[in-house]
Amino acid sequence: MELPVKYNPLEVEDKWYAYWLKNKYFHSEPDEREPYTIVIPPPNVTGVLHMGHMLNNTIQDVLVRRARMNGKNACWVPGTDHASIATEAKVVAKLKEQGIEKSSLTREEFLKHAWEWKEKHGGIILEQLKKLGASCDWDRTKFTMDEPLSEAVINTFVYFYKKGYIYRGVRMVNWDPQSLTAVSDEEVIRKETQSKLYYLRYFISEDGKPSDKYIVIATTRPETIMADAAVCINPEDERYHYLKGKKVFVPLINKEIPIIEDSYVTMDFGTGCLKVTPAHDINDYELGIKHKLPVIDIIDEHGCLNEKAQILIGEDRFVARKKITKMLDEAGHLEKEENYLSQVGYSERTNAVIEPRLSLQWFLKMEDLAKDALAKVENGEIKLIPDKFRNTYRHWMENVRDWCISRQLWWGQQIPAYYLPNGEFVVEATIEEALAAAQKIDPSVKMEDLRRDDDVLDTWFSSWLWPVSVFDPSKPGRPDRDPNAELAYYYPTNDLITAPEILFFWVARMIMAGGEFCQEVPFRNVYLTGIVRDKLGRKMSKSLGNSPDPIKLMEQFGADGVRLGMLLCSSAGNDILFDESQVEQGRNFCNKIWNAYRLIRGWEVSADIQQSEHSKLAAEWFDNKLSQTIETIDEHFSKFRLSDALMTLYKFFWDDFCAWYLEVIKPEYGKPIDKVTYDTTIVFFEKLLRLLHPIMPFITEELWQNIEERKDGETIMLQPQPKAAPYSVETIHAFEQGVGAIASVRNIRQSKGLSPKEALTLQIKGAFPEKIVSVVKRMANLSEVSLVSEIDNSVNGAAFMVDTIEFFVPLTGMVNAEEEIAKMEAEIAHLSKFLKGVEAKLSNERFVQNAPEAVVAMERKKQSDATTKIENLKNSIANLKK
RNA sequence: GGGAGCAUAGCUCAGUUGGUUUAGAGCAUCUGCCUUACAAGCAGAGGGUCGGCGGUUCGACUCCGUCUGCUCCCACCA
């Protein structure tokens with residue numbers, strides 16, 4: 001079959017992926033082999049593949065495929081996350097399109113819609129991963145709301161509650177008035193927002209009535225004045241000493257509030273008078289507790305003013321702000337307004353302005369858990385790659401706050417707390433157990449009297465169990481229970497590949513859960529990828545439209561090309577600036593591999609001809625170089641230097657294999673190749689394919705299957721990675737001296753405008769490896785190469801050196817002697833300067849005394865080499881001048 | 001305001017406990033080639049006083065200090 005000139009990925013990718021699936025090569029079962037395990041960071045079930053996923057999953061696949069080829073029992077567990085807030089928001093939006101309001105549905109009805117949505121859209125992302133070539137064990141696909149995994153979450157909640165780690169409390173939370181839920185600090189995005197600072201007059205009380213004297217306070221939120229509980233001044237602020245012990249009136253509603261003193265107030269900001277609104281600001285809340293102020297909550301869950309506001313009841317907070325400003329102005333309370341740039345918190349999911357709101361939430365105590373999780377990283381049980389993240393990690397773990405785990409949503413695991421009619425509650429995994437517990441409090445309670453808490457748990461409260469629950473969902477919450485066979489075999493997993501921004505939400509918490517329930521870390525290495533940005537360094541986002549569609553990219557450049565493009569520019573922890581040219585480079589490399597194979601395959605093989613000397617040498621060199629390269633690649637992988645490993649391989653294939661090895665052994669046009677060289681070449685090529693396979697699975701399988709007849713069920717996927725054999729540095733160096741000579745001759749040709757077809761001659765003086773002559777002769781198109789004891793300088797020519805070996809190309813009539821001399825003199829000047837530096841070092845007694853012997857010896861060699869070179873150049877010049 | 005990190009070629013990055021000749025790579029650039037595997041290619045070439053200053057050392061891209069400029073995290077002045 002004739003192979004096309006260009007590699008066409010579309011024709012091969014689906015074919016081989018289906019073949020791999022059919023033969024269950026991705027599937028893993030515990031056996032006697034050493035396991036290699038990765039659990040996927042579960043993407044949102046309703047998500048679609050973006051560039052970050054591409055990077056992340058390419059890396060995971062490379063590691064998994066390599067481990068599999070190295071004989072490990074490789075298991076990559078895929079799955080998705082229910083992503084409560086994001087998914088619920090999408091379902092609500094979709095229902096709204098159909099004219100259905102969430103509020104008109106019961107919890108059960110809503111959940112039915114949500115599950116339908118999940119069944120329909122969930123898992124698109126997993127199908128997209130297949131296009132990338134991801135070798136996940138799809139039989140193990142999990143979802144964080146699968147029944148057993150949800151049970152694990154409930155058991156975990158009950159466990160921590162009974163341990164005394166979970167408590168219920170009033171807290172100021174970040175309230176999202178749009179999705180009607182509390183969101184975590186991490187889900188609040190602070191953005192610089194242009195707002196206004198309003199200066200308001202609060203009249204001072206005299207005998208319980210407003211006097212004509214007033215103070216001015218500055219606020220960005222005039223709509224909250226009705227919730228003011230005090231005005232605070234700094235006790236050091238002499239301007240306001242006269243106010244101590246006095247009271248002022250809140251404008252419009254004429255409520256009398258005290259003046260309090262606290263050093264929290266910054267004297268030089270605003271007016272130095274702060275209105276204290278405990279219900280609607282986190283700092284004011286803390287102040288309120290300190291000064292025992294009442295909490296007046298005037299904003300409802302939708303962000304509208306409630307009846308406690310007394311005025312503007314039912315108005316949205318932003319509408320109310322406008323209206324009240326006008327009212328204050330009309331009533332003579334507005335002194336002035338100023339533009340003010342401030343940091344405002346927005347909900348990551350809905351982009352609504354976050355409202356600090358007091359509410360009853362469930363919390364998990366973090367102190368002990370964090371201490372333990374910090375130790376695991378500090379003592380090296382878990383390695384972060386790159387390790388600069390250890391500092392960040394430590395900082396976070398030492399300043400951890402209790403985790404607000406309740407969310408006012410329906411999509412998720414409902415909190416297993418059951419309220420008795422008297423307001424008390426019990427926490428149990430099932431309603432039956434809850435009833436039994438409730439009856440201990442009040443024997444008259446019946447099942448229908450119990451009301452379950454409405455809230456669901458934070459999504460991270462299920463994903464922190466992921467590395468445990470995908471294998472043994474009965475383990476979380478039950479540290480004493482023996483692990484099942486799967487967990488015992490696969491846990492702890494080996495490597496976790498994820499983004500640094502979820503180091504705390506997810507990675508740290510998995511370490512906590514793993515320690516608590518398995519008494520063992522969940523993974524050994526955490527490889528933190530960078531954020532994929534566009535080439536201008538901007539984060540990829542829908543609104544900027546700067547994020548390419550990964551599927552289209554793969555269609556255009558092939559999955560292997562995209563994988564290579566992603567890896568090329570990604571060192572751990574550094575953001576990657578994505579540019580389509582990288583993917584193009586990946587595609588070009590695929591084509592290079594493809595064409596190398598076309599060349600080899602096109603040769604006619606003859607058993608009758610002898611292997612040439614140059615082919616033999618090339619093979620010997622390449623074999624040694626192969627081992628050396630494998631060693632380098634292995635080392636890079638052991639340190640998670642993926643892009644370095646890839647680049648080593650890329651250059652080895654392109655430069656060493658194609659540009660040198662193949663060019664040397666290539667038979668003349670129309671002539672056959674000897675069998676020995678051909679067979680050796682096939683062996684080399686097959687090894688290269690195996691080395692490349694983890695990175696470029698499709699093209700390597702296609703060519704591997706094509707090299708020779710394969711039986712059904714055979715695959716490159718399960719071939720071993722080539723191992724490095726002992727190699728000779730001398731052999732490699734000798735050949736590369738030849739390469740240097742060839743390059744110089746080519747350079748001379750080019751600079752003299754000579755055609756590559758025009759044969760030249762070459763004289764060599766010095767310790768040039770004699771056997772390499774045949775290679776040089778062939779590759780530099782030389783009619784004659786002579787090893788001489790003295791350069792024959794009876795004709796003009798061009799001279800050059802490789803190491804200290806002298807070379808001379810006679811070029812009668814083609815050389816401008818003066819030009820050559822000028823070139824050489826420049827070289828002498830350069831070398832002299834260098835030599836001077838070296839000699840200065842060597843004449844420094846302290847250097848000779850203190851530096852290690854090897855370093856001194858190196859300097860001496862530098863000295864003698866440079867001296868020799870200068871002498872040689874001087875000789876050449878003298879010859880040319882004759 | 002607190003903490004962390006980064007600064008090396010036009011771009012993206014390596015540079016592994018301070019010493020491997022004159023600091024490397026890929027991409028881009030320039031020159032010459034439609035050479036019978038590949039123009040998604042081949043053969044060459046140019047390009048950096050390692051952000052500035054100071055210090056430690058026989059020796060600094062590497063260690064310390066400082067300044068400048070970026071980035072991220074945390075807390076945020078109403």
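Below, each value reflects all heavy atoms present in this structure, side chains not excepted, and no hydrogens, waters or symmetry copies. Since the structure is predicted, the reported quantities are computational estimates derived from the model, not experimental observations. In what follows, chains carry the letters A, B, and so on, assigned in the order in which the sequence lines appear, proteins first and then strands, with residues in each chain numbered from 1.
- Here the nucleotide nearest the side chain of A/Lys6, chosen from B/U21, B/A40, B/C76, is B/A40.
- In plain terms, the two heavy atoms of A/Ala741 and A/Phe807 that are nearest each other are CB-CE2, 3.7 Å.
- Considering A/Gln863, A/Lys861, A/Lys862 in turn, A/Lys862 is the only one that fulfils the side chain to side chain donor-acceptor pair (under 3.5 Å) rule with A/Glu859.
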Quick one: what's the B/S/- string for nucleotides 3-10 of chain B, heavy-atom cutoff under 4.0 Å, read 5' to 3'? SSS-----
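- For A/Val5, counting side-chain heavy atoms from C-beta on, the closest listed nucleotide (B/A25, B/A39, B/G19) is B/A39.
- Of the P atoms belonging to B/A9 and B/G2, the separation is 32 Å, rounded to the nearest Å.
- Out of B/G26, B/A78, B/C38, the shortest distance to the side chain of A/Met647 is found at B/G26.
- Note on ring orientation: taking the six-membered ring where Trp is involved, the planes of A/Phe657 and A/Tyr661 are parallel (angle under 30°, cut-offs 30° and 60°).
- Side-chain atoms of A/Tyr650 and A/Gln585 form a donor-acceptor pair, as typed in the model, at a separation below 3.5 Å.
- Distance CG (A/Leu662) to C1' (B/G41): 14 Å, rounded to an integer number of Å.
- When base pairs are accepted only as Watson-Crick or G-U wobble with both N-N or N-O distances under 3.5 Å, RNA chain B takes part in stems of 3 or more pairs at B:1-7 with B:68-74, B:10-13 with B:24-27, B:29-33 with B:41-45, B:51-55 with B:63-67.
- Applying the 4.0 Å criterion to OP1 and OP2 of B/C58, one finds that A/Lys841 has every side-chain N and O outside that range.
- Taking the side chain of A/Lys639 as heavy atoms from C-beta on, and the options B/U16, B/G26, B/U21, the nearest nucleotide is B/U16.
- Within the 4.5 Å cutoff, side-chain heavy atoms of A/Ile260 are placed close to those of A/Leu293.
- Of the N and O atoms on the side chains of A/Thr277 and A/Asp228, at least one donor lies less than 3.5 Å from an acceptor on the other residue.
- Side-chain atoms of A/Arg641 lie closest to B/U16 of the nucleotides B/C58, B/U16, B/A43.
- Rounded to whole Å, the distance from CG on A/Leu646 to P on B/C27 is 12 Å.
- Under 4.0 angstrom from either OP1 or OP2 of B/A78 there lies no side-chain N or O belonging to A/Tyr285.
- Atoms CD1 (A/Ile225) and C1' (B/A78) sit 14 Å apart, rounded to a whole Å.
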Residue pair A/Met858, A/Val855: steps toward the side-chain contact (heavy atoms from CB on, under 4.5 Å) verdict: CA-CA 5 Å; A/Met858 184 65 70; A/Val855 174; 5.5 Å; no
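- The shortest distance between the side-chain N/O atoms of A/Asn595 and the OP1/OP2 oxygens of B/G41 is not below 4.0 Å.
- Listed pair A/Asn850 / B/G59 fails the phosphate criterion, with no side-chain N or O lying under 4.0 Å from OP1 or OP2.
- Minimum atom distance to the side chain of A/Arg401 is reached by B/A75, of the listed B/A75, B/C77, B/C38.
- Nearest nucleotide to the side chain of A/Leu274, out of B/U36, B/A37, B/A78: B/A78.
- A sub-4.0 Å separation between OP1 or OP2 of B/C42 and a side-chain N or O of A/Trp654 is present.
- Proximity of A/Asn399 to the phosphate of B/A75: no side-chain N or O atom is located under 4.0 Å from OP1 or OP2.
- Aromatic ring pairs are classed by plane angle as parallel below 30°, tilted from 30° to 60° and perpendicular above 60°; the pair A/Phe589 and A/Trp654 is parallel.
- In this structure, the nucleotide among B/A37, B/U20, B/A40 sitting nearest to the side chain of A/Leu599 is B/A37.
- Contact detail for A/Asp560 and A/Ile699: the closest heavy-atom pair is OD2-N, 2.7 Å.
- Nucleotides of RNA chain B nearest to A/Asn747 and A/Ile600 differ in position, and the one nearer the 5' end is that of A/Ile600.
- Shown here are the side-chain hydrogen bond (donor to acceptor under 3.5 Å, both in side chains) partners of A/Arg749, two or more places apart in sequence or in another chain: there are none.
- The residue among A/Asn588 and A/Thr219 whose nearest nucleotide of RNA chain B is located toward the 5' end is A/Asn588.
- At least one side-chain nitrogen or oxygen of A/Lys592 sits closer than 4.0 Å to the OP1 or OP2 atom of B/C42.
- For A/Asn591, taking side-chain heavy atoms from C-beta onward, the closest of the listed nucleotides B/C38, B/G19, B/A43 is B/C38.
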